[in-house]
Amino acid sequence: MAFGKGHHLHLIDGSAFIFRAYHALPPLTRKSDGLPIGAVSGFCNMLQRYVEGNAGGDVTHIAVIFDKGSHTFRNDMYDQYKANREAMPEDLRPQIPLTREATHAFNIACEEMEGYEADDIIATLAVQARNAGGRCTIISSDKDLMQLVGGGVEMFDAMKNNTIDVEGVEAKFGVGPDRVVDVQALAGDSVDNVPGAPGIGIKTAALLINEYGDLETLLDRAEEIKQPKRRQTLIDNRAQIELSKRLVQLDENTPLTFTLDDLEIRDPDPQKLLDFLTRMEFRTLTKRIADALKVEAPTIPDPAPAEDAPQIEAPDFDKSTYTQVGTAEELQTWIDKIYARGYVAVDTETTGLNEMTADLVGISLCVEAGEACYIPLIHKANRGDDLFGSDDLAEGQMPLDDALKMLTPVLEDPGILKIGQNMKYDAKIFAQIGITLAPFDDTMLMSYAMHAGLHGHGMDTLSERYLNHTPLPIKPLLGSGKSAITFDKVPLADAVPYAAEDADITLRLWQLFKPQLHRAQTTRVYETLERPLVPVLAQMERHGVKVDRDTLSRMSNAFAQKMGALEAEIHELAGRSFNVGSPKQLGEILFDEMGLEGGKKGKTGAYATGADVLEDLATEHDLPARVLDWRQLSKLKSTYTDALQDHINPDTGRVHTSYSITGASTGRLASTDPNLQNIPIRTEEGRRIREAFVAEEGKTLVALDYSQIELRLLAHIADIPELKQAFADGHDIHAMTASEMFNVPMDEMTSDVRRQAKAINFGVIYGISGFGLARNLRIPRAEAQGFIDRYFERFPGIRKYMDDTKSFAREHGFVQTLFGRKIHTPEIASKGPRAGFAARAAINAPIQGTAADVIRRAMIRMPDAIAGQPAKMLLQVHDELLFEVDQGAEDTLIDTARKVMEAASDPVVKLDVSLSVDAGTGSNWAEAH
DNA sequence: AATATCACG
DNA sequence: GACGTACGTGATATTT
């Protein structure tokens with residue numbers, strides 16, 4: 001039956017798929033010969049997912065459309081068309097023909113045409129489909145295709161998972177699809193190098209087109225335009241605008257050599273498809289598709305090890321080879337294997353995620369890829385959902401004490417390397433029962449040292465990316481929500497494969513990463529900045545900080561009262577009651593019901609009601625000001641005075657945070673459960689929460705913080721003599737900047753002027769923009785830009801640093817700290833606003849990252865330095881360390897700790913600026929700071 | 001599960 | 001009046 005009513009054609013923009021796949025994935029190579037295949041892999045995955053997602057839908061016809069060659073009829077019209085395109089990356093070029101092959105392998109129509117862009121073919125097909133009475137969905141978010149939308153044609157952005165219809169086009173261009181080319185002709189397109197009219201963007205263009213109806217009328221009647229500059233632009237550039245229109249206008253009459261009927265959906269030939277995937281050596285995808293096609297997955301042989309890059313031969317994952325260890329004899333054979341080898345991958349299973357309260361349930365070991373065991377210790381005989389089940393232990397387990405007696409010498413043997421994934425967790429679990437795990441390697445930290453900025457470092461991510469293997473999920477074992485059980489209730493038949501596999505994966509990752517670490521020259525970072533931090537953090541976390549429940553509870557009550565009063569007042573002012581905590585309802589009250597000006601809706605259609613918006617409104621009305629007060633109290637109560645109480649450990653009376661070593665790409669730590677790195681300090685009311693963080697009876701809290709560490713490092717890294725001098729002279733750096741920028745003598749400096757200068761100094765660290773500074777300081781943009789210009793004039797080295805850093809990142813895909821830590825910035829190569837984000841992140845990363853390295857070094861040296869003193873390090877807050885020390889021993893501690901912190905960069909990095917540390921003491925954190 | 005908001009350096 | 005814009009985090013409440 002010929003294509004017509006009831007048929008639905010899907011057209012995939014092939015180039016868009018390829019580029020997205022290329023940029024979304026790390027540079028994967030085919031194992032056997034090193035051929036880059038990352039983009040092909042991503043392309044196949046996206047294709048597969050797309051086909052899967054539409055199975056059972058109404059799609060009847062499908063095709064992937066590609067560009068062919070770089071020369072098209074548009075180049076004949078205008079030789080600069082797409083002339084500013086960057087050359088295709090070297091490792092992508094060989095993958096292009098493979099994506100065509102992939103499309104054929106999936107048995108999906110694959111079309112291209114010399115001299116035409118993919119967009120023209122798509123346009124022609126879409127129009128044909130529409131004229132035949134059918135529907136067409138274009139899978140692309142390319143704005144050049146938006147002119148086709150309407151009358152049964154729509155677009156689908158597979159990345160954002162949303163459909164672009166006529167309304168979507170109107171939201172983007174301000175005109176309907178039929179006038180999109182007119183707007184594009186005027187606005188031009190920097191990506192495709194379409195000139196358009198200088199100084200006119202989409203907003204203005206839409207305005208003009210809507211006023212005059214269409215481009216031709218507008219150009220004919222250009223004389224009538226009131227704004228002189230705009231009028232002149234249109235008159236002067238008429239030819240260029242008309243050329244632009246011809247460039248953006250898609251050719252709906254491409255001479256196709258096929259018809260819509262040739263695009264009818266076809267089942268793939270399993271043999272052909274699997275052949276292709278096998279040839280590409282896509283292990284995971286081959287398996288998945290074989291499963292979907294209900295045929296046996298072909299095996300992909302591992303390549304022979306090459307001379308220079310030793311490959312470890314690893315068998316496929318096979319959970320049937322994992323064993324359960326239940327007797328002393330069995331355990332002894334494993335211990336013998338460990339001693340024979342000198343290393344072992346270890347993983348613990350516990351009753352929870354909180355190491356302070358979780359109990360050890362079992363231990364898994366792995367000595368060789370595929371050879372792993374699980375030693376269950378306290379698994380229950382019955383599942384937890386059996387209310388009347390006894391607490392009897394399951395069969396086949398060694399007594400806990402016997403097992404630990406045998407394993408402890410191994411775990412503590414200095415000659416046996418223990419390999420783990422996130423060893424801080426296991427080390428804390430073992431520390432609870434008096435076992436000191438050492439020495440160890442940690443695959444999570446190895447990945448962090450090599451891949452920071454590229455992806456997360458959890459086991460699932462690493463296994464999928466580097467072993468092509470999806471680990472067994474824990475969810476089906478534990479359940480979720482109310483019916484969730486702890487691991488000791490998991491039947492051993494399920495527990496053994498799950499637990500043993502984790503150890504197996506860890507060992508394989510270690511075998512893969514260990515040699516790479518050396519090749520990537522990140523060993524020093526791993527050995528000096530990551531691994532030694534683990535025992536230090538484990539100690540701090542286990543020690544915890546004392547938090548006074550009564551203080552928090554009293555504050556909660558006081559906040560609740562104030563909030564109640566404010567809420568009544570707010571409802572009064574609004575004229576009705578509503579949920580003050582709902583930004584959606586608040587926005588409707590403010591902008592719809594009360595009619596306040598300046599309501600801006602975000603992409604979800606809700607009004608923005610952030611603090612900046614409310615502060616502006618506060619000059620007009622009392623309600624926004626009350627809401628701001630209410631929000632502050634609400635935040636303090638829910639996040640701090642209420643929630644912190646729940647984190648007080650009943651056994652220790654202290655709060656034990658958990659630091660994530662790999663959470664922040666720059667090298668900073670992150671603190672969770674609870675986050676103790678964002679306890680309020682900036683407002684008086686919030687600062688009082690720190691009064692609840694107290695020293696134990698007879699002890700004192702000591703806080704030491706680096707003074708202006710990031711600016712000092714900026715002075716060194718960007719090599720700014722004036723800044724270095726100011727630090728050497730002990731001048732207030734923000735005041736000095738203010739003095740320079742605002743022409744205010746130092747002795748007449750007001751705190752407000754200094755505050756502005758401080759914003760500029762920090763702005764520089766963040767990759768400043770006139771817009772950002774203007775918004776931060778609430779000053780006109782031109783004025784902010786003026787400040788920045790003067791700043792760069794005064795400190796030209798700063799601009800050079802920013803430019804140099806950006807080009808380094810573009811060339812290498814990463815930036816580095818003074819200590820060699822690499823922070824990858826893959827998005828720097830992307831187009832559009834993402835590149836801007838990436839550039840600013842690249843500017844910030846060496847500074848923030850070096851500061852993070854410095855305090856890490858101080859922390860690593862601290863335990864030895866203060867050994868013998870009655871003092872404990874409790875918390876780290878990026879540039880601050882908090883200690884608890886016996887009363888009377890404060891001065892000695894401050895003396896020691898300050899020396900360690902100030903000398904932390906020695907001897908690896910010789911800084912041109914000194915590091916300075918401020919100290920404070922008190923019975924609570926508010927006083928000590 | 002996503003979004004908005006706001007706490008910190 | 002092209003465009004969108006400080007860097008790095010985590011927790012909570014509301015809404016989908």
| Using a cut-off of 4.0 Å on non-hydrogen atoms, how would the nucleic acid contact of A:Gly770 be classed: base, sugar-phosphate, or nothing? | nothing
Q. OP1, OP2 of B:dT5 versus side-chain N and O of A:Thr609: anything below 4.0 Å?
A. yes
Of the listed C:dA11, B:dC8, C:dC3, the closest approach to the A:Thr672 side chain comes from C:dA11
Winner on side-chain proximity to A:Gln632, out of C:dA6, B:dA7, C:dG8, is B:dA7
Of C:dT5, B:dG9, C:dA6, the nucleotide closest to the side chain of A:Arg668 is B:dG9
Walking DNA chain C from its 5' end, the first of A:Thr204 and A:Arg840 to be reached, judged by nearest nucleotide, is A:Thr204
Subject >> Any donor-acceptor N/O pair under 3.5 Å between C:dT12 base and A:Ser638 side chain >> reply: no
In whole angstroms, the gap separating P of C:dT5 from CZ of A:Arg834 amounts to 13 Å
message: Just to be sure I understand the rule, does A:Lys203 reach a base, reach only the sugar-phosphate, or reach nothing, if contact means heavy atoms closer than 4.0 Å?
response: sugar-phosphate
Q.
Any non-hydrogen side-chain atom of A:Leu186 less than 4.5 Å from a side-chain atom of A:Asp182?
A. no
inquiry  = Measuring only between side-chain heavy atoms, which start at C-beta, is A:Leu537 closer than 4.5 Å to A:Met859?
reply    = yes
Among the nucleotides C:dC7, B:dC8, C:dT14, whichever has the atom closest to the side chain of A:Phe837 is C:dC7
- Query: Do we see a donor-acceptor contact under 3.5 Å between the side chains of A:Asn193 and A:Tyr78?
  - Reply: no
Out of C:dG8, C:dA11, C:dT5, minimum distance to the side chain of A:Thr666 belongs to C:dG8
- prompt: Heavy atoms under 4.0 Å, any strand shown: does A:Ile202 hit a base, just sugar-phosphate, or nothing?
  reply: sugar-phosphate
A:Leu633 CG to C:dT12 P, in whole Å, measures 17 Å
Does A:Gln645 reach the main-chain N or O of A:Thr641 with its side chain, forming a donor-acceptor pair under 3.5 Å? yes
Measure centre to centre between the rings of A:Tyr791 and A:Phe787, then say whether the value is under 6.0 Å. no
- request: Pick base, sugar-phosphate or nothing for A:Gly767, based on heavy-atom distances below 4.0 Å to the nucleic acid.
  value: nothing
Query raised in the report: Base, sugar-phosphate, or nothing: which does A:Ala670 touch, judged by heavy atoms less than 4.0 Å apart?
Result: sugar-phosphate
In whole angstroms, the gap separating P of C:dT5 from CD of A:Gln785 amounts to 17 Å
Mind checking if A:Asn776 touches a base, just sugar-phosphate, or nothing, with heavy atoms under 4.0 Å?
base
Side-chain contact check for A:His878: nearest option of C:dT15, C:dG8, C:dA11 is C:dG8
- A:Ile847 near the nucleic acid: base, sugar-phosphate alone, or nothing, with a heavy-atom cut-off under 4.0 Å? nothing
- Message: Ring-plane angle category for A:Phe591 and A:Tyr607, please: parallel below 30°, perpendicular beyond 60°, tilted otherwise.
- Response: tilted
Nearest heavy-atom approach of A:Ile843 to A:Ile847 is O-CD1, 3.8 Å
Considering only heavy side-chain atoms of A:Ala664, the closest of C:dT9, C:dG10, C:dT15 is C:dT9
Check your understanding: When all nucleic acid strands are considered with a 4.0 Å heavy-atom cut-off, which category describes A:Gln585: base, sugar-phosphate, or nothing?
Key -> sugar-phosphate
A:Glu615 CD to B:dT5 C1', in whole Å, measures 13 Å
In short, A:Gly544 meets A:Leu874 closest at the heavy-atom pair O-CD2, 3.4 Å
Base, sugar-phosphate, or nothing for A:Ala845, non-hydrogen atoms under 4.0 angstrom? nothing
Students often get this wrong, so: under 4.0 angstrom with heavy atoms, is A:Gly188 touching a base, only sugar-phosphate, or nothing? nothing
Between C:dA2 and B:dC6 - C1' atom distance, rounded Å
33 Å
- Item | Side-chain N or O of A:Arg682 closer than 4.0 Å to phosphate OP1/OP2 of B:dA7 | no
When rounded to whole Å, the CZ to C1' distance for the pair A:Arg778 and C:dA6 reads 15 Å
- Gap in Å between the two P atoms, one belonging to C:dA6 and one to B:dA2, rounded: 23 Å
In whole angstroms, the gap separating P of C:dG8 from CG of A:Asp853 amounts to 16 Å
Do A:Arg576 and A:Ile589 have side-chain heavy atoms sitting under 4.5 Å apart?
yes
Checking B:dA7, C:dC7, C:dT12 against the side chain of A:Ala643 (C-beta onward), the nearest is C:dT12
Under a 3.5 Å limit on both distances, the Watson-Crick or wobble mate of C:dC3 is none
In whole angstroms, the gap separating P of B:dG9 from CD of A:Glu710 amounts to 12 Å
DNA chain C nearest-nucleotide lookup for A:Ile200 and A:Ser665: closer to the 5′ end is A:Ile200
Looking only at C:dG10, B:dG9, C:dT14, the nucleotide nearest the A:Asn579 side chain is C:dT14
By the Watson-Crick or G-U definition, both distances under 3.5 Å, C:dT14 is matched with B:dA2
**Message:** What's A:Arg687 touching, base or sugar-phosphate or nothing? Going by heavy atoms closer than 4.0 Å.
**Reply:** nothing
Sugar-phosphate only, base, or nothing, as touched by A:Ile768 at under 4.0 Å among non-hydrogen atoms: base
Between CD1 of A:Ile681 and P of C:dT9 the distance, given in whole Å, is 22 Å
Q) Within the structure shown, what part of the strands sits under 4.0 Å from A:Asn678 by heavy-atom distance: base, sugar-phosphate, or nothing? A) base
Side-chain contact check for A:Ser582: nearest option of C:dT5, C:dT15, B:dG9 is C:dT15
Q | Nearest-angstrom distance, P atom, C:dG4 to B:dA7 | A | 28 Å
When you measure only distances, ignoring hydrogens and angles, does the side chain of A:Arg631 come within 3.5 Å of the base of C:dT12 through a donor and an acceptor? no
NA contact type, A:Gly836, heavy-atom cut-off 4.0 Å: base, sugar-phosphate, or nothing?
nothing
